[in-house]
Amino acid sequence: AISSSGLIANDMTDQSLHLYLSRPISRLDYLIARFIPVFLLLMCVTALPNLIVYVNQWGEAGLEFDWIKNHKWLLLDILILGSFYSASYSIIGLTFSTAINRESWAAGAFFLFVYGSAIIIEIFYLIIRDDRVLLLSIIHLLDIIGFYIFNTQPFFTAFGIEGINIADIEVFGVFILIIGSCGIFVNWMISQMEANK
């Protein structure tokens, strides 16, 4: 949240966005240039600790290559899950950076969206008891995607361990809808700035 909240907000506040877009770079180039640093930073936070655990487990197995053979997809699964988390949080962070021109407010809005929605959704889940309500929280949605990546049965732990039964199409449909909406919003906001320059 902190790393992404000022990237576009500061460019919009000091009007340097107009300077960037007046050069021969496209909006997409600008967005990719803002996305990549946050994504790489988040990969260090999401994937690197899991890679350390992976290497540690391999070390405890005596550094035998049979262990790697028996867990041949685990390393790829760790990187894929880290990419899902990093890309999602990067896009959401850039969305709030674009929507709110103040860096501190954008970071606060990010935290409220991610963690506030998780708390509200958990309360609604307790009342409604419908697994699909969990898809409205990005934290729970990414957790469910993680269960699919690691080919395990999804479960929810806020009020004791409960199995989750949601169709794959619903999970990935909601994920694409949320992340796609954020991407479209950021592109639209920047196009509005471009039109006003």
Side-chain angles (χ1 to χ4, degrees), residues 1-23 25-48 79-124 132-146 148-149 166 169-197:
I2 294 167
S3 64
S4 64
S5 61
L7 285 176
I8 296 177
N10 292 337
D11 289 346
M12 293 172 79
T13 302
D14 64 13
Q15 302 295 320
S16 60
L17 180 65
H18 298 305
L19 178 65
Y20 292 130
L21 296 177
S22 66
R23 295 181 177 178
I25 62 168
S26 67
R27 250 180 283 143
L28 183 61
D29 294 336
Y30 173 78
L31 290 174
I32 289 172
R34 294 296 179 241
F35 173 82
I36 288 175
V38 178
F39 176 80
L40 294 176
L41 176 66
L42 287 173
M43 278 299 283
C44 291
V45 173
T46 57
L48 189 60
L79 294 174
I80 290 170
L81 183 60
S83 296
F84 265 95
Y85 271 95
S86 300
S88 300
Y89 287 148
S90 297
I91 291 170
I92 292 169
L94 291 176
T95 300
F96 285 109
S97 179
T98 305
I100 304 169
N101 286 344
R102 293 183 59 190
E103 186 174 350
S104 58
W105 287 78
F110 176 91
F111 278 110
L112 277 175
F113 175 76
V114 171
Y115 296 106
S117 68
I119 294 168
I120 292 167
I121 294 305
E122 288 174 9
I123 293 168
F124 272 107
R132 289 175 292 192
V133 77
L134 296 173
L135 298 178
L136 300 176
S137 162
I138 193 69
I139 289 176
H140 298 305
L141 182 59
L142 287 168
D143 283 347
I144 293 167
I145 289 172
Y148 287 140
I149 289 171
I166 304 174
I169 188 88
E170 292 174 316
V171 172
F172 289 100
V174 171
F175 177 78
I176 290 168
L177 183 68
I178 291 172
I179 300 305
S181 298
C182 288
I184 289 168
F185 176 78
V186 170
N187 188 43
W188 179 77
M189 284 292 291
I190 291 175
S191 70
Q192 293 301 109
M193 288 291 293
E194 204 174 18
N196 293 335
K197 68 180 178 180

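Note that the numbering runs from 1 along the sequence shown for the chain.
When each of Ile91, Thr95, Leu141, Leu136 is checked for a side chain to side chain contact (heavy atoms under 4.5 Å, CB included) with Ile178, only Leu141 meets the rule.
Put simply, the side chain of Ser97 never gets that close to the backbone of Leu94: no donor and acceptor are under 3.5 Å apart.
Inter-residue side-chain proximity for Leu31 and Val186 is flagged as met; some heavy-atom pair is nearer than 4.5 Å.
Atoms CD1 and CD1, from Ile121 and Ile138 in turn, are 11.5 Å apart once rounded to the nearest 0.5 Å. Annotation: the span from Ile184 atom CD1 to Trp188 atom CH2 amounts to 12.5 Å, rounded to 0.5 Å. To the nearest 0.5 Å, atoms CZ (Phe172) and CG (Leu135) are separated by 11.0 Å. Rounded to the nearest 0.5 angstrom, Leu42 CG and Ser86 OG are separated by 5.0 Å. One finds the CD atom of Glu122 at 8.0 Å from the CG atom of Leu134 (value rounded to the nearest 0.5 Å). Ser88 contributes atom OG, which lies 11.5 Å from atom CD1 of Ile139 (distance to the nearest 0.5 angstrom).
Considering all non-hydrogen atoms of both residues, Ala106 and Phe96 come closest at CB-O, 3.5 Å. Summarising the geometry of Gly146 relative to Leu81, their closest heavy-atom pair is CA-CD1, 3.4 Å, with the distance given to 0.1 Å. For Ile166 against Tyr148, the heavy-atom pair with the smallest separation is O-OH, 2.7 Å. Heavy-atom minimum distance, Leu79 versus Ala47: CD2-CB, 4.5 Å.
For CZ of Phe185, the number of neighbouring non-hydrogen atoms (other residues, nucleotides, ligands) closer than 6.0 Å is greater than 12.
The list of salt bridge (Lys or Arg N to Asp or Glu O under 4.0 Å) pairs with a residue in residues 170-188, not counting sequence neighbours, reads Arg132-Glu170.
Using bins of under 30°, 30° to 60° and over 60° for the plane-to-plane angle, the ring pair Tyr89/Tyr85 lands in the tilted bin.
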Atom pairs and distances, donor-acceptor, side-chain atoms in residues 107-115, under 3.5 Å, two or more places apart:
none

